[in-house]
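Note sheet for the following structure.
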There are 2 protein chains.
Amino acid sequence: MIQLLKDNYGNLFEKELLLEINGVGTFKTIPEGFTIIRPGSYTTSMPLIIEGAIKIIREDANGDELLLYFLEKGDTCAMTLSCCFGQHKSEIKAITETETTLIMIPIRKMEEWITKYYSWRNFVFESYHNRLLEAIETIDSIAFLNMDERLLKYLKNKTKINQNTIIKNTHQEIAYDLHTSRVVISRLLKKLENEGKIQLNRNSIEIISL
Amino acid sequence: MIQLLKDNYGNLFEKELLLEINGVGTFKTIPEGFTIIRPGSYTTSMPLIIEGAIKIIREDANGDELLLYFLEKGDTCAMTLSCCFGQHKSEIKAITETETTLIMIPIRKMEEWITKYYSWRNFVFESYHNRLLEAIETIDSIAFLNMDERLLKYLKNKTKINQNTIIKNTHQEIAYDLHTSRVVISRLLKKLENEGKIQLNRNSIEIISL
DNA sequence: TAGACTCTGTAACAAATGTTACTATACTTT
DNA sequence: AAAGTATAGTAACATTTGTTACAGAGTCTA
């Protein structure tokens, strides 16, 4: 069995299930910045993240965008889950934030395992729960926080996800994620720099202390 | 078997399951404006809505509030679902919007039925899916719409849920749901009245044409 | 190296939303 | 009926966020 699978899901799933996953799952490594899922698309397999991070974005009909949350290793996409179960189409866009390694599980199997393995059932429900919580967390941020606080939270989150205190993004990219304008982000970042919390450079932001 | 159960879930669940629900479920009728679930609370049973409507509200530590969505007959609370499965505590507040009749299902049974009945499994997953979609819909509204559009959407939704073109609420109550101030709501409502879309009265709003 | 292009900084202004304060009216209670 | 309370209307103003415009600095390419 591939070591990566064992490392990431070994304490979550029983041995038989791990063997099944290893048998029917397809391993895939996807480069950074690749769009995995688009709004309106249907999926026939479900991804388990082994390594890396995926950015889940809401995109409406006018092309307005907003970052919903990040997925990391050990996570799966709840939207894909329910798309698989119910044959619904996707309402979100998924882009690899870093290079990402996935195991793709065919729908047929994931349905079968629901009745067969308690640990799998648990994993699926936990995933739904976590995604619902993250959606609510996003709602909290947009509804209750001002843009400066949202930006701060975003920067913290980003350093955690990328395991790096240097954030390689333009102000425009950040503005898209937070659904605001570039000028607003530049303004607030400059304020953070003046407060000594970050260091601004072209195409990147170094976090000093948030 | 109670007719209401058959009427609302008859085409969703098989006969055996309906009989089981009827056997172990407890029927409850709750008056309007009653708080069913509070943030931080744990639940040991899961509600199926038979009649009426429930308002699901996010409430943060500072007491800030925001309406997430309404639940109607045929719905169940996904947050409660995952609370039951995972022993998590509630992150939301649930208040009856109208008088509501529920069937309460003990956790033990709902877990057992997951493996036993395909239709139940389906129902649970569909519920999660729908709640996730509604959370995303809420995110859309807060992120992409201005307050006047959000108010309009709110009024439309409210007439649908209550089956009544007269909305019995004060401006303050609406302001809480949309997490803004009373003055803002009064201002926008007055604008809608001037446009001939609504008629304002003390403690109530009559919808003319939205 | 000249020109094109991208990214950032900044000012000036516009629009949306939030706050405070005060008034009038309707309703409730004593 | 008088007093108190809740609700709504409105003005004036503050704050936050969004928009437009332009300049300068870095990067890329012919």
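Quick note: numbers below take in every heavy atom, side chains included, and nothing from hydrogens, waters or symmetry partners. Each chain gets a letter, A, B and so on, in the order the sequences are listed, and its residues count up from 1.
Rounded to an integer number of Å, the gap from CG of B:Asn194 to C1' of D:dT10 is 12 Å. Rounded to an integer number of Å, the gap from NE2 of A:His171 to P of D:dA25 is 17 Å. Atoms CG (A:Leu145) and P (D:dT16) sit 13 Å apart, rounded to a whole Å. The distance between atom CD1 of B:Ile185 and atom P of D:dG9, rounded to the nearest whole Å, is 12 Å. The CG atom of B:Leu178 sits 15 Å away from the C1' atom of C:dA16 (whole-angstrom rounding). In this structure, A:Asp148 places its CG atom 11 Å from C1' of D:dT17, rounding to the nearest Å. Following rounding to the nearest Å, B:Asp64 (CG) and C:dG18 (P) show an atom-to-atom distance of 11 Å. One atom, CE of A:Met147, and another, P of D:dT19, lie 11 Å apart when rounded to the nearest Å.
Using a 3.5 Å distance cut-off with no hydrogens or angles, the side chains of B:Arg131 and B:Ser127 do not pair a donor with an acceptor. When only modelled atom types and interatomic distance are considered, A:Thr101 and A:Lys28 share no side-chain donor-acceptor pair under 3.5 Å. Residues B:Lys6 and B:Asn22 bring no donor and acceptor atom of their side chains to less than 3.5 Å of each other. Between A:Glu134 and A:His129, the side chains place no donor N or O within less than 3.5 Å of an acceptor N or O (distance only, hydrogens not considered).
In this model, the phosphate group of C:dA15 is not approached by any side-chain N or O of B:Asn146 to a distance below 4.0 Å at OP1 or OP2. Distances shorter than 4.0 Å separate none of the side-chain N or O atoms of B:His179 from OP1 or OP2 on C:dT17. B:Ser186 has no side-chain polar atom (N or O) that falls below the 4.0 Å cut-off from OP1 or OP2 of D:dT10. Listed pair A:Thr170 / C:dT6 fails the phosphate criterion, with no side-chain N or O lying under 4.0 Å from OP1 or OP2.
As judged by a 4.0 angstrom heavy-atom cut-off over every strand, B:Leu200 is placed among residues touching the sugar-phosphate backbone only.
When each of C:dT20, D:dA8, D:dA21 is scored by its nearest atom to the side-chain atoms of B:Arg182, the top-ranked nucleotide is D:dA8. Checking D:dT17, C:dT25, C:dT17 against every side-chain atom of B:Val184, the shortest atom distance belongs to C:dT17.
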Problem - Derivation and outcome, side-chain hydrogen bond (donor to acceptor under 3.5 Å, both in side chains), residues A:Asp7 and A:Gln3 - result: CA-CA 6 Å; A:Asp7 290 347; A:Gln3 193 57 37; 3.1 Å; yes
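Comparing A:Arg202 and A:Arg187, the nucleotide of DNA chain D nearest to each residue sits closer to the 5' end for A:Arg187. Both A:Val183 and A:Asn203 lie near DNA chain D, and the one whose nearest nucleotide falls closer to the 5' end is A:Val183.
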